[in-house]
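Convention: sequence-line order gives letters A, B, ...; per-chain numbering from 1.
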Number of protein chains: 2
Amino acid sequence: MHATEISPLTKKLAAFVALSDGDLAVLARLHQKRRSFGAGREMVHEGETEQSAYILAKGWVCSYKLQPDGTRQIIDFQIPGDFLGLRSVLLRTSDHSFEPIVDILAAEVPKKDLLEAFTNTPRLATAILWVASRDEAMVVEHLVRLGSRDASKRMAHFLLELGARLTLVGLGSKSGYACPLRQYHLADALGLSSVHVNRVLRDLREAGLVSFRDGQVKFLDYAGLVKLAGFYTAYLDETGPLLL
Amino acid sequence: MHATEISPLTKKLAAFVALSDGDLAVLARLHQKRRSFGAGREMVHEGETEQSAYILAKGWVCSYKLQPDGTRQIIDFQIPGDFLGLRSVLLRTSDHSFEPIVDILAAEVPKKDLLEAFTNTPRLATAILWVASRDEAMVVEHLVRLGSRDASKRMAHFLLELGARLTLVGLGSKSGYACPLRQYHLADALGLSSVHVNRVLRDLREAGLVSFRDGQVKFLDYAGLVKLAGFYTAYLDETGPLLL
DNA sequence: CCTGCGTCCTGATCTCGATCAGTAAGACCG
DNA sequence: CGGTCTTACTGATCGAGATCAGGACGCAGG
């Protein structure tokens, strides 16, 4: 990536906070150490202590927890512009594992650099903390999805949330987005069997709401889908920053 | 409460971090403004921006989100020693509502005091951030509960987690604890109907594992319950602090 | 005293989604 | 080229848990 190209993270932050030239410079510096990981290889194992966080530049990752009985629950997906292991660096704890869904490209951010950035550019620091807080809000919403919505609402809500997130970094729109997930990813995330995921997707497609095919999510009736899902974006686009 | 009495929060922090006299003094000061709230009255409404956080001293609170269709999903319960609205103060956002389950007593912590404490006693600040991080880990675990465990495992796991949390502040033990929750609280938290909650509780009681009656949770076979639930405490007792 | 309400509890029925079983179509590989 | 793997898809059956309906009990207020 050239210095002139805008990183997804920068794009995301800029949507909510006015960043100074200094902030932008620091942000660019955090993106320097590029690393790639192959699809399927576990990156951080649950319980490990990491000394680096990553900013995802390209590709998708999922974070999950394995159960004693072998089933896995996907907690969240990370898309370009998202942090990986931010909390585990700041707080020396990691309570779930990460796995790249496709080959990914990420910027490694050593603990030291991150802490430096925090002290030198407090405005950037709050912006990053705000991002972390937004991630937590998404986890809470995911919890609500699992606890009190049926299969098709879960699916609809989830696909809409992903769309909103991708749109923020320029990878999606109200008409759809490219999506490397398999049906079993959806199953593990939404607490359904992949058989049922398949049926729900067919139902939604036949109802003319959304199609999930060949790595493409296409919104056929955005408004209808929003209504079915009860999708309110308040938890995603809390306006602006904050001060610490 | 007298200055000599140890607050639940102090007890909790002390279990993980060695606090200096200075830390303890600041912590005591944060506990000064006492306020009480009646059971059932909503404290913070979803979407509101609050200028104060609270440290719960006595009683139980639940945080929840309401769905368009009227059902509510309980995100978490707060017990003595827990923060209320910590994130909403630090980040000017609140994405769920709070409701006292019984009459409660809480210490109001104005934003200003909290920020002061953060700058003056960094060690205490990290301890508090660590507490926030632990709360988030519990939300994630709750998500896993909802996504990939059946009703009785959910219940067993939940009752065990509550027990572990209460034990940390001296309100519980491996033999049980006082619990003001109603069966419908369990239902709203675990994504079950209260009818089914009732049945599951009966089953667990008749299996000689745990009883939930008259405001008392009694562990009849702790080891057996742990085994049934697949209850691992790693996410609760990450050792020690951290540095920021 | 009765009345009404909230909570606990139980039985009967129905339904959503899991599980089992199997087909079909690529992709990769020797 | 045939084999093996992964993924998508469909039908049949089964079961966990929702829903409906109603009863028992304690408690507050008239």
Using only side-chain N and O atoms of A:N198, determine if any of them is under 4.0 Å from OP1 or OP2 of D:dC9.
yes

Is B:R202 close enough to C:dT10 that one of its side-chain N or O atoms is under 4.0 Å from OP1 or OP2 there?
yes

Please give, in whole Å, the distance from [N] [atom2] to [X] [atom1]?
X      : N      : atom1 : atom2 : result
A:L186 : D:dT7  : CG    : C1'   : 13 Å
A:L146 : C:dG17 : CG    : C1'   : 14 Å
A:R149 : D:dA18 : CZ    : C1'   : 18 Å
A:R213 : D:dT7  : CZ    : P     : 17 Å
A:H196 : C:dT15 : NE2   : C1'   : 11 Å
A:L201 : C:dG17 : CG    : C1'   : 14 Å
A:D150 : D:dG17 : CG    : C1'   : 14 Å
A:F212 : D:dT7  : CZ    : P     : 12 Å

Checking A:D103 side chain against A:G38 main chain: does a donor-acceptor pair fall under 3.5 Å?
no

For B:Y184 and B:R199, find the nucleotide of DNA chain C closest to each by heavy atoms; which residue's nucleotide sits nearer the 5' end?
B:Y184

Would you mind classifying the nucleic acid contact of A:V195 as base, sugar-phosphate or nothing, using non-hydrogen atoms under 4.0 angstrom?
base

Name the nucleic acid region contacted by A:R154, choosing base, sugar-phosphate or nothing; use a 4.0 angstrom heavy-atom cut-off, strictly under.
nothing

What heavy-atom pair brings A:R34 and A:A57 nearest, and what distance separates the two atoms?
NH2-CB, 3.2 Å

Which atom names give the shortest non-hydrogen contact between B:L190 and B:L146, and what distance separates them?
O-CD2, 3.3 Å

Starting the side chain at C-beta, find the nucleotide from C:dA18, C:dC9, C:dT7 nearest to A:S193.
C:dA18

Distance-only check: which donor-acceptor pairs under 3.5 Å involve side-chain atoms of residues 192-208 of chain A, not counting sequence neighbours?
| unit_1 | atom_1 | unit_2 | atom_2 | d |
| --- | --- | --- | --- | --- |
| A:S193 | OG | A:H196 | N | 3.2 |
| A:N198 | ND2 | A:Q183 | OE1 | 3.2 |

Greater than 12 external heavy atoms within 6.0 Å of B:D214's CG
no

So with a 6.0 Å cut-off around NZ of B:K11, is the heavy-atom count from everything else above 12?
yes

Write out a two-atom table: protein N or O, nucleotide N or O from nucleotides 13-15 of chain D, distance below 3.5 Å.
none

Criterion side chain to side chain contact (heavy atoms under 4.5 Å, CB included) against A:L143, the qualifying member of B:R145, B:H142, B:K65
B:H142

